[in-house]
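Scroll down for the structure; my scribbles are underneath it.
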2 protein chains.
Amino acid sequence: MVGLTIGKVAEHAGVNVDTLRYYERQDVIGKPLRNGSNYRLYPEDTIRRVRFVKRAQELGFSLAEIKELLELRVSKNASCANVRDQALAKVDSLNEKIRSLQSMRRALVKLANECSDDGPVGDCPILDALDEKGRVR
Amino acid sequence: MVGLTIGKVAEHAGVNVDTLRYYERQDVIGKPLRNGSNYRLYPEDTIRRVRFVKRAQELGFSLAEIKELLELRVSKNASCANVRDQALAKVDSLNEKIRSLQSMRRALVKLANECSDDGPVGDCPILDALDEKGRVR
DNA sequence: ATAGACCCTAGACCTAGGTCCAGGGTCAAG
DNA sequence: CTTGACCCTGGACCTAGGTCTAGGGTCTAT
């Protein structure tokens, strides 16, 4: 066995086979080898890659952004300094996201507390959560 | 002036007027009052609400989820304990998201370091970033 | 050698989240 | 009293990210 069929990859990554073909068209995963019957044969780690994609999507990344993230490591050809700069830029935007989520969490915890001690439901902390604080991106 | 016209709200919130009408249809923002000419007149804080929606979307929340978040505070009628439980459930899923983003950040920092000291670009830390660790949701 | 479970491509279709007309009213300025 | 910038509704259209169907080949077990 030189690789996994599309059905196996789909099964183990928890996605539809059409999704894999779609990712291939979008260049999110590389073009796999083909066997004599023109069946796709994927390397094992495609499964991890696809799982990464699905999880990153839940975090609000678009396929295009995810592609960029994944390309960071592949580009051993590109200048290393360049890769580093890109990686650090991503780190900055991740920091933004993390801060926003934390502030949202604070708001929810506050809301939960106000609720539990039957106090006044006063002014809503939720809307404060994501106020201003310099745009992401 | 009893309220803001749709154009003003759109301008200050940084969205298209059609987006506001769309949000209204989707019940993400409440139906505004109308003046004698059937023009929508929004309360001031609609602007903050809409900004919240846009920022929450960037964090990977769907409009349906954002609606739920926003409804948490409005439902002073619903049992307070219920609201608290929902809020705490959201906190849990936020924790998941935050952890995932942090692990992604760690991976990128590691990648950047490997790059800066010209070491081996070895095995990719990025794919490790979002491995397993119990699904979100 | 035939059924059932796979695989292939092309292209239609679907949902979410908007965005853009068309056709028509409103309002302030000149 | 008309021009330009607004507003209204209804419905068409668009992108991202898939999902499904048709029409056809492959593989494995019986």
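Letters A, B, ... are given to chains in the order of the sequence lines, protein chains preceding strands, and every chain is numbered from 1. The figures here come from the full heavy-atom set of this structure, side chains too, leaving out hydrogens, waters and symmetry mates.
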Mind calculating the distance between [atom1] ([X]) and [atom2] ([N]) to the nearest angstrom?
| X | N | atom1 | atom2 | answer |
| --- | --- | --- | --- | --- |
| A:Leu41 | D:dC27 | CG | C1' | 14 Å |
| B:Asn16 | D:dC6 | CG | P | 13 Å |
| B:Asp18 | D:dC13 | CG | C1' | 12 Å |
| A:Asn38 | D:dT26 | CG | P | 10 Å |

Subject >> Residues within residues 19-37 of chain B bordering DNA chain D, heavy-atom distance below 4.0 Å >> reply: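 Within residues 19-37 of chain B, the residues near DNA chain D are B:Arg21, B:Arg34.
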**OP:** Report the C-alpha distance between A:Tyr23 and A:Leu63 in whole Å, list the side-chain angles of each, state the deciding distance to 0.1 Å, and finish with yes or no for side chain to side chain contact (heavy atoms under 4.5 Å, CB included).
**Re:** CA-CA 9 Å; A:Tyr23 285 176; A:Leu63 282 187; 4.0 Å; yes
**OP:** Taking only the side-chain nitrogens and oxygens of B:Arg40, find out if one of them lies under 4.0 Å from OP1 or OP2 of D:dC8.
**Re:**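 B:Arg40 to D:dC8 OP1/OP2: side-chain N or O found under 4.0 Å.
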**OP:** Verify the distance criterion only: is there a donor paired with an acceptor across the side chains of A:Arg55 and B:Ser100 at less than 3.5 Å?
**Re:**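 Yes, B:Ser100 and A:Arg55 have a side-chain donor paired with an acceptor closer than 3.5 Å.
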**OP:** Please indicate whether B:Glu44 has more than 12 foreign heavy atoms, meaning atoms of other residues, nucleotides or ligands, lying under 6.0 Å from its CD.
**Re:**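 Check fails, neighbour count at 12 or below.
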Original post:
What is the minimum heavy-atom distance between B:Leu72 and B:Ala87, and which atoms define it?
Top reply: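 Result for this residue pair: CD1-CA, 3.9 Å.
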**OP:** Please report the closest heavy-atom contact between A:Val17 and A:Gly7, naming both atoms and the distance.
**Re:**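 Nearest heavy atoms, A:Val17 then A:Gly7: CG1-CA, 3.9 Å.
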**OP:** State whether B:Glu58 and A:Lys97 are salt-bridged, where the test is any N-O pair (Lys NZ or Arg NE/NH1/NH2 against Asp/Glu carboxylate O) under 4.0 Å.
**Re:**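 Answer for the salt bridge query: no.
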Subject >> B:Ile6 or A:Tyr39, whichever maps to the more 5' nucleotide of DNA chain D >> reply: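 Result of the comparison: B:Ile6.
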**OP:** Applying side chain to side chain contact (heavy atoms under 4.5 Å, CB included), run through B:Tyr22 and B:Val28 and close with a yes or a no.
**Re:** CA-CA 9 Å; B:Tyr22 176 72; B:Val28 173; over 6 Å; no
Subject >> Check: B:Thr5 and B:Tyr42 side chains under 4.5 Å, non-hydrogen atoms >> reply: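 The answer is no, as the side chains (C-beta and beyond) never meet within the 4.5 Å cut-off.
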**OP:** Walk along DNA chain C from 5' to 3' and tell me the first and last nucleotide with an atom closer than 4.0 Å to a non-hydrogen atom of chain B.
**Re:**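 For DNA chain C, the relevant span reads C:dG17 to C:dC27.
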